[in-house]
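Here's the structure, in structure tokens; my notes come after.
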Number of protein chains: 2
Amino acid sequence: MSQNSFKISYPALHAGTNKSLIKFISGTPDLAALFFEGEEAQETRRRFFVTDATVASLECMQSFISKFDDGVCGKDCLLILGSGEPYKTIESVLNIVRAAFDANFTRKDIFIGIGGGVICDLTAFAASIYKRGTSVQFVPTTLLAMVDASIGGKTGCDFENYKNIIGTFFPATKLFYFPEFVQYLPENQYNSGLAEAFKTALLFDKELYDMFKNDADKINSRDSKTLEKIIHKCVKAKGSIVEQDFTEQGIRAYLNLGHTFGHALETVAGLGSITHGAAVAWGIGRAVELAYKKEYCMQAFRDEVFGILKAYKWYTESVPSFVKGGGFSERLITIMRTDKKNLSEKIRLIICKAVTEIQIEEVDEKLIASVLK
Amino acid sequence: MSQNSFKISYPALHAGTNKSLIKFISGTPDLAALFFEGEEAQETRRRFFVTDATVASLECMQSFISKFDDGVCGKDCLLILGSGEPYKTIESVLNIVRAAFDANFTRKDIFIGIGGGVICDLTAFAASIYKRGTSVQFVPTTLLAMVDASIGGKTGCDFENYKNIIGTFFPATKLFYFPEFVQYLPENQYNSGLAEAFKTALLFDKELYDMFKNDADKINSRDSKTLEKIIHKCVKAKGSIVEQDFTEQGIRAYLNLGHTFGHALETVAGLGSITHGAAVAWGIGRAVELAYKKEYCMQAFRDEVFGILKAYKWYTESVPSFVKGGGFSERLITIMRTDKKNLSEKIRLIICKAVTEIQIEEVDEKLIASVLK
Ligand SMILES: NC(=O)c1ccc[n+]([C@@H]2O[C@H](COP(=O)([O-])OP(=O)(O)OC[C@H]3O[C@@H](n4cnc5c(N)ncnc54)[C@H](O)[C@@H]3O)[C@@H](O)[C@H]2O)c1
Ligand SMILES: NC(=O)c1ccc[n+]([C@@H]2O[C@H](COP(=O)([O-])OP(=O)(O)OC[C@H]3O[C@@H](n4cnc5c(N)ncnc54)[C@H](O)[C@@H]3O)[C@@H](O)[C@H]2O)c1
């Protein structure tokens with residue numbers, strides 16, 4: 001056989017998804033005012049809003065929700081999905097697609113997700129595949145979505161009980177942050193988002209870390225000014241990381257601090273029985289303990305981190321009190337092994353040596369086991 | 001409420017999908033040799049091959065297919081889907097995802113589609129959403145896939161009987177063209193691909209147009225050297241267009257020459273009852289007739305194009321003979337109206353004034369009707 005060859009080059013995908021415009025808005029969230037008065041009301045594109053039943057029933061949302069009659073308000077539409085991770089399915093994604101298609105939305109219109117990480121991930125995934133890509137915007141309503149899920153363009157859904165197996169990279173073009181949405185969150189959801197914020201502090205922001213260290217009272221009582229500052233700093237920090245490493249070829253992986261331990265704990269506990277953030281916070285403790293054992297960090301730093309974890313009532317024991325049955329370290333390590341990207345690779349962990357001093361390392365399983373008993 | 005705002009910027013998506021490497025291979029297609037001997041056999045990534053039952057049963061494919069035992073050959077896997085447009089569904093996409101996931105494929109592996117436009121579109125769509133993006137390569141086996149579907153990164157599937165409603169832009173990183181696959185195609189499939197090649201000639205390549213004009217015998221008898229040249233020229237021409245306008249903001253739309261008429265005819269005929277290419281060829285005739293009526297082109301050009309259409313037995317009558325019932329022009333225009341991107345817009349058509357002289361124009365419905373009766 002004879003061969004000959006050449007190349008075709010492609011420019012960046014999707015005009016518009018190369019920038020996210022971020023707005024912070026203080027005070028009680030008023031989405032009716034945001035979208036139907038002032039600047040955003042001038043939007044000429046049709047808007048397909050997606051939210052979940054819990055968010056739709058929040059008191060502050062009623063003026064917005066009541067604008068829609070049978071899901072329609074002028075040229076705009078609203079779809080309300082079920083709440084929480086069980087609805088993070090391909091069926092939900094296709095429900096969004098179907099409803100938008102039935103209402104004649106084109107690829108020049110906009111999808112807008114209003115909700116936690118689940119609604120943001122689903123709406124953006126649907127937008128990214130709808131007619132090969134329609135703009136998406138977010139109004140994140142959980143602390144987790146504000147400090148983490150809304151930034152950086154990862155979209156997706158679960159599939160056959162595996163988390164985030166399918167998805168795309170498709171950043172929101174505009175994000176509207178109302179920190180006051182956080183006041184409506186149940187305690188465990190608030191605390192879960194806080195864990196990701198603390199992770200961000202440890203990784204990238206000494207000043208934020210000091211806030212966690214010194215202002216536990218304000219943070220635990222959800223002081224508005226303090227929350228605004230935390231959210232603002234986390235968005236900036238994560239934004240800067242994903243600008244440098246969008247598709248996670250390098251430093252974006254730092255964001256997984258505490259997550260390899262955390263995921264394994266979530267699995268052992270039974271998915272959904274502890275929050276993601278609680279598991280991550282525990283994982284951060286394990287990662288710091290491991291750094292201490294490797295003599296990468298001082299005892300003073302280790303003790304300080306554990307002091308902070310306790311101030312927010314996160315699990316700090318090597319074996320959390322709710323875990324039943326023996327062989328905890330073996331069970332966790334088995335899960336951590338299958339969690340790896342390549343079967344041949346060793347378990348790689350994000351190691352925190354001091355505030356903002358991070359590295360990724362392959363760690364011996366014996367050493368991992370030693371911080372799990 | 002008080003506001004403050006800033007921006008995050010993102011780099012191009014997905015390292016690797018910014019270039020397509022294209023290889024032409026003459027002679028009887030031998031995929032066993034291609035993938036398991038020589039350069040490609042050195043591939044260290046795992047390969048997930050996808051094809052359809054018709055392609056898998058081609059004689060030239062047997063040495064490749066027989067390498068797989070229960071879908072597995074060493075580290076590689078093979079999935080065989082049903083053949084043709086009825087299988088271009090989200091279920092097929094999810095079947096690919098499920099099989100790849102069950103076989104532990106990671107996002108660093110490769111999906112390889114071997115087949116016509118349906119298999120290429122499905123495999124690339126699955127790859128683009130699998131763990132947020134896994135490389136895809138193609139071995140296009142129909143003429144249509146070689147001259148059109150394999151190039152330019154449009155992926156997708158049908159949904160609830162609407163064509164290509166969901167999908168992504170996700171170019172193949174490598175393409176292997178074996179022009180000899182074309183020898184196995186049934187007459188109508190061959191002729192369908194030829195129509196898209198003729199469209200490309202009219203749009204971009206006078207030399208190719210002259211081949212269609214002068215070498216009908218060679219083309220109709222599938223002369224190997226002639227086919228190689230046609231395919232090579234079409235890949236180059238479409239490659240150059242998508243390099244300039246990847247997400248179809250401008251000139252990529254020229255590729256729709258004949259398609260607005262053609263889609264409408266396909267719908268009236270009943271989807272699947274005539275080939276896409278036959279409908280497009282008819283649509284090209286209508287577009288040229290319209291240009292002639294608008295006095296955009298000479299009668300000589302019009303007559304020449306119709307001469308060519310006839311040489312390949314494409315429909316040239318204003319109302320094709322197989323169409324039943326009256327009111328043809330009204331039915332077509334109604335469909336063309338809903339085919340538009342925006343309900344408010346007029347019907348826009350690609351107009352061909354001479355070989356490679358193209359423009360897009362809003363056309364009065366009365367004028368459109370006049371070429372449909
Ligand atoms: N895309 C990313 O980069 C990224 C990053 C981290 C997490 N995630 C994803 O985010 C999801 C978790 O996010 P989450 O915790 O926000 O989940 P969620 O969206 O399910 O929200 C948690 C619960 O809080 C409710 N809720 C939302 N806003 C509320 C409010 N203001 N007051 C009261 N209740 C409210 C929701 O209805 C839900 O029941 C996971 O699926 C995870 O995979 C994505
Ligand atoms: N992505 C794009 O840019 C793009 C462009 C044009 C068309 N398309 C899509 O391509 C599809 C049509 O492509 P197609 O006509 O190749 O369809 P197809 O893949 O269904 O192939 C047509 C038939 O030919 C069979 N076949 C394939 N190779 C063969 C061979 N060598 N010998 C004998 N039979 C063979 C197939 O099994 C199928 O039954 C449509 O779904 C269309 O939307 C995509």
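Since this is a predicted model, take the numbers as computed values, not measurements. Every chain is numbered from 1 and lettered A, B, ... according to where its sequence line falls, protein lines coming before strand lines.
Each of B:Tyr130, B:Phe159, B:Tyr177 has some count of heavy-atom pairs under 4.5 Å with chain A, and the biggest count is that of B:Phe159. Ranked by non-hydrogen atom pairs under 4.5 Å with chain A, the options B:Leu21, B:Thr155, B:Val235, B:Ile165 are led by B:Ile165.
Remark: B:Arg98 CZ to A:Ile166 CD1 distance equals 10.0 Å, nearest 0.5 Å.
Of the atoms belonging to B:Phe176, not a single heavy atom falls under 4.5 Å from chain A. Of the atoms belonging to A:Phe125, it is side-chain heavy atoms, and not backbone ones, that fall under 4.5 Å from chain B. In this structure, chain B has a heavy atom under 4.5 Å from the side chain of A:Tyr162, while its backbone stays farther away. For A:Ser240, no part sits under 4.5 Å from any heavy atom of chain B, backbone or side chain.
Judged as a salt bridge (charged side-chain N to carboxylate O under 4.0 Å, His left out), and not counting sequence neighbours, the contacts of B:Lys163 are B:Glu85. Listed by chain and number, the residues in a salt bridge (charged side-chain N to carboxylate O under 4.0 Å, His left out) with B:Glu40 are B:Lys174 (sequence neighbours excluded). By the salt bridge (charged side-chain N to carboxylate O under 4.0 Å, His left out) test, A:Lys236 is found to be paired with no residue, residues two or more places apart in sequence or in another chain being considered.
Considering every non-hydrogen atom in both B:Thr168 and A:Arg132, the closest pair reads O-CD, 3.4 Å. The minimum heavy-atom distance between B:Arg107 and A:Glu248, with the atom names listed, is NH2-O, 3.4 Å.
Residue-level contacts of residues 88-97 of chain B with chain A, in order of numbering, are B:Ile90, B:Leu94, B:Val97; threshold 4.5 Å between heavy atoms.
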